[in-house]
Amino acid sequence: MEKKIVNNYGSFDITFVKSSGSTMWAADGKKYIDFISGIGVNCLGHNYKPLVKAISKQARKQIHISNYYFSDVGLKFADELLAVTGFEKGYFGNSGAEANEAAIKLARKYGQLNGGAKRKTIVTLDWSFHGRTLATLTATGQDRFHPECFAPYPEGFKKIIPNDFDALKNAFDNTTAALFIECIQGEGGVNLINPEWAQAAAKAARDAGAIVMADEVQTGIGRTGTFLASDALGFKPEVVTLAKGIAGGVPMGACLFRGKAADVFVAGDHQSTFAGNPLACAAGLVVVETVSQPEFLDRVNHAGDYIRGAISSWNLPIVKDVRGKGLMIGTQIDSKIKPFDIEVKCLEKGLCTTTAGTDVVRFLPPLTISDKEIEEGLKIYKSVLEEFCK
C-alpha cells in the first residue's frame, strides 16, 4: 500500500473493512476495540443509525451546491450550532486546520482594524498544536513540528507558558491581535489548562485590546463532557474553532464568532469550495442534536471518570499520571518506555490507541462507547501495561 499512497502517516499494515459502535474488523476478520475514533472524529461511533440515515437521505437530495447559494439543511445546522454554543455567526470549513486558518486570518484583520499594521501578533501556548498548514504549524508551540525543511515560517506568532501566571505579565501589548488557547492540549500530552489561568490570560489579552480565541478542534462537540471545553474554563472566547467530531466522520470544520469578532469578515475574506456542503451539514445536524443533550454529556463524563479511575486503580509502576476530561484521556508513561511501543502492542492484541506528546498514551473513544466495549478495551490495555512492567 505504501507504494500507492504516500505514507505521510506512518500507517500500520492493517486494512479495516467494517465497523459498528466502537468495534472494527480488519480484512483478516480480526476484531479491534476502537479507543481513538478516527482521532476523535467518529464521536457517535461507527454505523450510528440516525447518522447513516441522515447522510443517505441527504445524498439522495443534494450533496453539494457551492457557497454561492444557501441550502436548507445548512441554514438549519447553523441555527442549531449557534444556539447550542451561544455564538452569533459562523464560517464552515472542511477541517480543523482550515478552521484555525480562518481564525488566524480573522485575528489579523481584527488587529488591522483596531490598531493598524503593528497589531498582528497572535499569542499561543507552549506544547499546543493547531494544525499542519504553514500558519497553523507556526502557531503550534512544539519545536518538533517546525522542521527546517518547511522554513521559512510565517511571522507574527508568540508563545507563552500555559498555567504560568508570571508569563502573563509581559505577554500582551498594543501589537497583540489575539490570544489563541487550546482548551486541553491534545497532541501536547493531554495537558489540562487551569481555569483561573485561562480567565486571567483572557483578561490580560482583552485589556491590551486583543480578542480571545479557543481552539476546540479536538475538545469541542462534547469530547470533554461539556459541549465546548471553553465553557468549563469560563473565559468566553470571541472566536472558537471546531472540527473532528462536528459531523460524525464527514469532513467538516467551523469557526464561530461573537462580540468584537462577529462582523470582522466580509465577502471575499475567506472562502472554500467544499465548505458547509449539504451532506456535511446534514451529518452535523444529527451530531449537534444528539451530543447537546444533558443526559448524553452526563454519560460522557461518567465513562471518562470510570476509565481514568480504572487505570489509576491498577497501581502499575510505569503509569506516572492519568489525566483528561470526559473521553479525552491521557496515560503518562515512565520515560524509559516509548508510548508508541505500547500503541503497537495494544494493536497486536486488538485495541486501537494513539499517543500524545513524548510520554503519553491517548484515548479518544467514540462518545457512544458501551460499557462492554470499555471493559474489553481496558482488559487489553491492562495486559499490555503489565507486560511492560516485567
Side-chain angles (χ1 to χ4, degrees), residues 87-91 93 96-143 145-146 148 150-183 185 193 197-217 230 233 235-241 255-271:
F87 281 76
E88 300 170 38
K89 298 180 180 179
Y91 157 81
E98 188 173 310
N100 284 343
E101 283 277 349
I104 289 168
K105 288 175 70 175
L106 182 136
R108 292 280 170 79
K109 184 178 180 183
Y110 173 84
Q112 181 80 26
L113 295 173
N114 295 273
K118 68 178 182 297
R119 190 181 287 278
K120 64 180 180 181
T121 302
I122 297 172
V123 177
T124 64
L125 309 185
D126 284 342
W127 305 297
S128 62
F129 179 82
H130 295 288
R132 298 280 185 173
T133 65
L134 280 176
T136 55
L137 274 177
T138 311
T140 292
Q142 299 183 68
D143 288 341
F145 289 107
H146 305 146
E148 182 62 29
F150 296 142
Y153 291 92
E155 62 180 18
F157 293 92
K158 175 182 178 180
K159 315 297 188 304
I160 61 173
I161 302 172
N163 299 333
D164 183 344
F165 285 88
D166 287 339
L168 300 179
K169 293 177 181 178
N170 300 304
F172 311 102
D173 56 27
N174 63 2
T175 68
T176 308
L179 167 65
F180 202 9
I181 294 180
E182 192 183 13
C183 294
Q185 296 179 324
I193 300 299
W197 184 87
Q199 292 166 31
K203 183 179 185 304
R206 291 178 177 126
D207 287 347
I211 57 172
V212 180
M213 311 193 299
D215 179 343
E216 298 233 32
V217 168
S230 54
L233 290 180
F235 64 93
K236 201 174 175 64
E238 282 81 34
V239 178
V240 68
T241 58
C255 192
L256 308 184
F257 320 114
R258 63 184 166 196
K260 294 179 180 180
D263 296 313
V264 174
F265 272 165
V266 298
D269 278 344
H270 192 67
Q271 299 175 342

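Along the sequence shown, residues are numbered consecutively beginning with 1. On a predicted model such as this, the values are computed, not experimentally measured, just so you know.
- Side-chain contact between Phe257 and Val264: absent, with no pair of heavy atoms (C-beta onward) separated by less than 4.5 Å.
- Pairing each heavy atom of Cys255 with each of Val239, the nearest pair is SG-CG1, 3.6 Å.
- A distance-only check finds a donor-acceptor pair linking the side chain of Gln199 to the backbone of Leu233 [under 3.5 Å].
- Between Ile181 and Leu125 the shortest side-chain heavy-atom distance falls below 4.5 Å.
- The distance from atom CD1 of Ile160 to atom CG of Leu179, rounded to the nearest 0.5 Å, is 6.0 Å.
- Looking at heavy atoms from C-beta onward, His146 lies in side-chain contact with Thr140 at the 4.5 angstrom threshold.
- Ring-plane geometry between Phe180 and His130 is classed as parallel, the angle between the planes falling under 30 degrees on a 0 to 90 degree scale with a further cut at 60.
- No more than 12 heavy atoms of other residues, nucleotides or ligands sit less than 6.0 Å from atom CG of Asn170.
- At distances below 3.5 Å, at least one donor-acceptor pair connects side-chain atoms of Trp197 with backbone N or O atoms of Asp164.
- To the nearest 0.5 Å, atom CG of residue Leu106 and atom CD1 of residue Ile211 are 5.0 Å apart.
- Between Tyr91 and His270, the angle of the ring planes goes over 60°, which puts this pair in the perpendicular group of the 30/60° scheme.
- A side-chain donor-acceptor contact under 3.5 Å links Glu88 to the backbone of Gly259.
- Within a 6.0 Å radius of CZ in Phe150, other residues, nucleotides and ligands contribute 12 heavy atoms or fewer.
- Here the CD1-OG1 distance, from Ile122 to Thr138, works out to 10.5 Å after rounding to the nearest 0.5 Å.
- Thr175 contributes atom OG1, which lies 7.0 Å from atom NZ of Lys158 (distance to the nearest 0.5 angstrom).
- The shortest side-chain heavy-atom distance between Asp215 and Thr124 does not fall under the 4.5 Å cut-off.
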Apply side-chain contact (heavy atoms from CB on, under 4.5 Å) to Thr136 and Phe129, showing your working. CA-CA 8 Å; Thr136 55; Phe129 179 82; over 6 Å; no
side-chain contact (heavy atoms from CB on, under 4.5 Å) between Trp127 and Glu182, worked out: CA-CA 10 Å; Trp127 305 297; Glu182 192 183 13; over 6 Å; no
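- Inter-residue side-chain proximity for Asp263 and Lys89 is flagged as met; some heavy-atom pair is nearer than 4.5 Å.
- Pairing each heavy atom of Phe235 with each of Ala202, the nearest pair is CB-CB, 3.8 Å.
- Nearest heavy atom pair, residue Thr133 against residue Ala97, reads CG2-CB, 4.1 Å.
- Smallest separation of non-hydrogen atoms from Leu134 and Pro154: O-CD, 3.6 Å.
- Residues Pro237 and Met213 are not in side-chain contact: their nearest non-hydrogen atoms beyond the backbone lie 4.5 Å or more apart.
- Here the closest non-hydrogen pair linking Gly141 and Ser128 is N-OG, 3.0 Å.
- For Lys236, the NZ atom is loosely surrounded, since the number of other residues' heavy atoms within 6.0 Å does not exceed 12.
- Within a 6.0 Å radius of NZ in Lys203, no more than 12 heavy atoms belonging to other residues, nucleotides or ligands are found.
- Taken from OG1 in Thr176 to NZ in Lys118, the straight-line distance is 11.0 Å, to the nearest 0.5 Å.
- Annotation: side chain of Leu113 is not in contact with side chain of Lys260 (no heavy-atom distance under 4.5 Å).
- Between the side chain of Glu216 and the main chain of Cys183, no donor-acceptor pair closer than 3.5 Å is present.
- Within the model, atoms CG of Asp173 and OG1 of Thr121 stand 7.0 Å from one another, a figure rounded to the nearest 0.5 Å.
- The cationic group of Arg108 lies under 6.0 Å from the six-membered ring centre of Phe157 and within 45° of the ring axis, placing it in a cation-pi geometry.
- The heavy-atom pair separating Ala99 from Thr241 by the smallest distance is O-CG2, 3.4 Å.
- A 4.5 Å side-chain heavy-atom check between Phe172 and Arg206 finds every atom pair outside the cut-off.
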